[in-house]
Amino acid sequence: MFALVDGNNFYVSCERVFNPLLEGHPVIVLSNNDGCVISRSQEAKQIGFKMAEPAFKRKELIEKHGVAVFSSNYTLYGDMSNRMMRTLEQFSPEVEVYSIDEAFLNLQGICTNLLDYGHNIRATILKNLGLPVGVGIAKTKTLAKIANKMAKKYSGVFVIDSERRLDWALRNTPIEDVWGIGRQYTKLLAKNGVKTAFDFSLLDSNWVKQHMSVVGLRTREELRGVSCMSIETVAKAKRNIATTRAFGKKLSNFTLISEAVSNYAVRCAEKLRKQNSIARFVTIFIHTDPFNPSEQYIYKSITVTMPEPSSSNTEIVKAALAGLEKIFIPNLRYKKAGVIVSDITTEQFVQGNLFESANREKIKQITAVTDKLNGIFGRDMVRLAAQGFSNDWKLKQEKLSPCYTTRWEELPKVKA
DNA sequence: TCTGGGGTCCTAGGACCC
DNA sequence: TCTGGGGTCCTAGGACCC
């Protein structure tokens with residue numbers, strides 16, 4: 001049996017933990033740059049806020065209902081997520097962290113009363129962290145996902161443990177709510193008369209394979225109670241790593257854009273080092289505003305191959321800037337840029353270069369020292385000149401809450 | 001004025017190998 | 001009538017997830 005534990009309105013709930021007055025009020029959290037609505041409290045959903053809707057389009061709604069608005073605070077959410085995952089480890093030796101607010105647990109042979117166990121998980125997370133979660137339990141991951149949806153609708157925990165419950169759950173799950181069925185497949189399936197998970201589970205397997213590949217076939221099997229996906233407890237090393245951001249405002253100045261790109265490149269290099277990887281390719285892209293009909297939309301990208309795979313700040317920044325120079329067109333108003341590193345391998349497999357100098361060793365030492373210094377004194381305390389000090393390209397975050405759990409200066413104060 | 005930022009997997013087809 | 005029979009690697013595109 002698998003359990004899926006999923007935070008309710010996770011980002012909103014994280015904000016509420018440290019700001020209990022928000023309880024019962026409509027709250028929304030915005031994406032980077034305060035762009036779209038990406039987390040909504042129950043009250044906000046009822047008022048009519050939709051997922052991923054641009055916030056500026058709902059200004060009246062925000063004002064009319066006195067909605068509490070927050071910029072994304074990933075430092076806070078990431079830390080709360082870690083605490084949640086650590087807590088879940090008490091309940092199973094096999095925990096798969098599936099996303100920032102979700103985890104699968106293998107419950108095979110762990111308990112006799114699954115419903116009680118689910119409620120115990122829920123109560124523990126609520127007590128220890130102040131976060132409400134839903135717990136869905138079933139024979140396959142896909143069914144656990146469905147059970148989780150049911151849990152959130154009803155009492156917080158839902159177990160699919162009989163044919164009768166399975167049948168009921170499948171008949172009451174619209175096809176577009178099934179894990180692995182997105183917009184395109186929903187359209188295709190609707191054309192073929194499939195409206196619910198139940199309908200899909202009855203489809204001919206050859207038809208499914210032909211139209212939806214083995215991925216769709218797995219989903220069909222999982223809905224019928226045949227487990228095709230196991231728990232993956234160790235996170236696999238990423239095969240692509242990206243840092244891409246819209247600028248706080250539109251930019252034309254090459255120097256400013258190159259500072260932004262340098263910083264994104266450094267973030268990529270850090271992520272590589274964190275998983276002990278190196279990359280050979282550095283892709284960089286820039287584009288203008290895709291939403292403004294009065295301006296021509298221009299998107300440019302290029303992939304630079306580094307002489308040797310690397311995870312060093314200097315080398316990745318160098319490659320990224322070389323790419324930027326090639327694709328940059330003056331006098332355009334750019335809205336967004338990004339750096340992606342790929343062809344990633346583990347550091348130990350690095351192919352030695354015959355002509356390699358002592359340079360590599362030196363770069364490694366410098367990286368170790370700067371990482372250590374920045375670890376102690378804060379990100380970018382020691383930085384490349386190319387990263388600059390400008391704020392012009394930085395994110396808009398006008399409603400940022402404090403990093404309550406990760407910065408001494410921002411710890412909440414309690415009067416007792 | 002204002003529209004996010006990450007990722008994965010699968011398939012088909014072409015180039016190339018012996 | 002019959003035209004060898006395996007392979008691998010790469011890329012683009014399409015689907016999906018949170």
Side-chain angles (χ1 to χ4, degrees), chain A residues 4-7 9-11 28-39 49-60 62 69-74 77-78 81 96-104 141-142 145 148-149 175-189 208-219 222 228-229 232 235-250 264 267-268 271 275 280-281 283 285 287-295 297 301 303 305 333 335-344 395-399:
Chain A
L4 175 65
V5 181
D6 184 326
N9 330 320
F10 190 71
Y11 299 167
I28 57 174
V29 175
L30 306 181
S31 61
N32 270 342
N33 259 321
D34 294 347
C36 297
V37 177
I38 53 168
S39 182
F49 283 96
K50 298 272 175 288
M51 188 64 179
E53 213 174 21
F56 75 91
K57 286 188 178 168
R58 306 311 296 267
K59 230 173 174 170
E60 333 77 64
I62 291 171
V69 181
F70 290 91
S71 304
S72 290
N73 184 344
Y74 287 108
Y77 313 149
S81 170
E96 174 182 344
V97 177
Y98 179 66
S99 76
I100 193 163
D101 70 333
E102 274 176 82
F104 286 104
K141 282 181 160 183
T142 306
K145 275 268 190 187
N148 187 280
K149 280 227 157 132
I175 188 63
E176 64 267 28
D177 287 352
V178 174
W179 192 36
I181 308 293
R183 272 212 286 275
Q184 300 307 315
Y185 285 154
T186 298
K187 256 192 260 170
L188 172 75
L189 291 169
V208 176
K209 170 100 200 285
Q210 196 191 331
H211 292 88
M212 302 169 70
S213 84
V214 297
V215 183
L217 195 52
R218 274 203 286 265
T219 300
E222 287 237 325
C228 304
M229 292 179 247
E232 294 182 23
K236 283 195 215 137
K238 294 203 164 73
R239 305 181 57 189
N240 299 287
I241 288 174
T243 303
T244 73
R245 300 265 183 284
F247 307 132
K249 54 185 173 193
K250 290 176 192 170
Y264 302 166
R267 296 286 92 81
C268 285
K271 292 178 195 172
Q275 63 166 33
R280 182 184 299 274
F281 300 144
T283 303
F285 71 80
H287 65 74
T288 58
D289 187 351
F291 299 103
N292 186 351
S294 66
E295 254 175 299
Y297 175 59
S301 100
T303 298
T305 307
R333 301 169 63 217
K335 184 62 193 155
K336 180 172 175 176
V339 176
I340 302 149
V341 292
S342 54
D343 194 10
I344 291 175
L395 292 178
K396 198 163 95 184
Q397 294 180 307
E398 289 171 353
K399 318 270 189 182

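Here is how names work: the chains are called A, B, and so on, in the same order as the sequence lines, proteins then strands, and each is numbered from 1.
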d(CD1, A/Ile181; P, C/dC17) in whole Å: 8 Å
Show me, pair by pair, the donor-acceptor contacts under 3.5 angstrom made by side chains of residues 175-184 of chain A, not counting sequence neighbours?
| unit_1 | atom_1 | unit_2 | atom_2 | d |
| --- | --- | --- | --- | --- |
| A/Trp179 | NE1 | A/Tyr98 | OH | 3.3 |

A/Ile38 CD1 - B/dG6 C1' separation (whole Å): 11 Å
Whole-Å distance separating the CZ atom of A/Phe247 from the C1' atom of B/dT3: 16 Å
A/Lys399 atom NZ, over 12 foreign heavy atoms within 6.0 Å: no
Rounded interatomic separation in angstrom, taking CZ from A/Arg245 and P from B/dG5: 6 Å
Protein-nucleotide distance (A/Asp34, atom CG; B/dT3, atom C1'), rounded to Å: 12 Å
Dump every N/O contact between nucleotides 8-12 of chain C and the protein below 3.5 Å, one line per pair.
none

Carboxylate-amine/guanidinium contact A/Lys57 A/Glu53, below 4.0 Å: no
Those residues of residues 335-344 of chain A lying under 4.0 Å from DNA chain C by at least one heavy atom: none
Results of ring-ring contact (aromatic ring centres under 6.0 Å, His included) for A/Phe281 - residues two or more places apart only: none
Any A/Ser31 side-chain nitrogen or oxygen under 4.0 Å from OP1 or OP2 of B/dT3: no
Spacing between A/Glu398 atom CD and B/dC2 atom P, to the nearest angstrom: 13 Å
Heavy-atom pair with the smallest gap, counting every atom of A/Leu217 and A/Lys209: CD2-CD, 3.9 Å
Residue whose closest nucleotide on DNA chain B lies nearer the 5' end, A/Lys250 versus A/Arg239: A/Lys250
Contacts of type ring-ring contact (aromatic ring centres under 6.0 Å, His included), residue A/Tyr11, not counting sequence neighbours: A/Tyr74, A/Tyr77
A/Ser342 versus A/Asn240, side-chain donor and acceptor atoms under 3.5 Å: no
Comparing A/Ala246 and A/Lys396 on DNA chain B - which has the more 5′ nearest nucleotide: A/Lys396
Salt-bridge criterion met for A/Glu295 and A/Lys250 (N-O under 4.0 Å): yes
Exercise: do A/Ser99 and A/Asp101 side chains pair donor with acceptor under 3.5 Å: yes
Working for salt bridge (charged side-chain N to carboxylate O under 4.0 Å, His left out), residues A/Lys145 and A/Glu102: CA-CA 10 Å; A/Lys145 275 268 190 187; A/Glu102 274 176 82; 2.6 Å; yes
Shortest non-hydrogen contact between A/Val339 and A/Cys268, atoms and distance: O-SG, 3.4 Å
Side-chain N or O of A/Lys57 closer than 4.0 Å to phosphate OP1/OP2 of B/dT1: no
Stems involving DNA chain C, each a run of at least 3 consecutive Watson-Crick or G-U pairs under 3.5 Å: B:5-18 with C:5-18
Value in whole Å for how far the P atom of B/dG4 lies from CD1 of A/Ile28: 14 Å
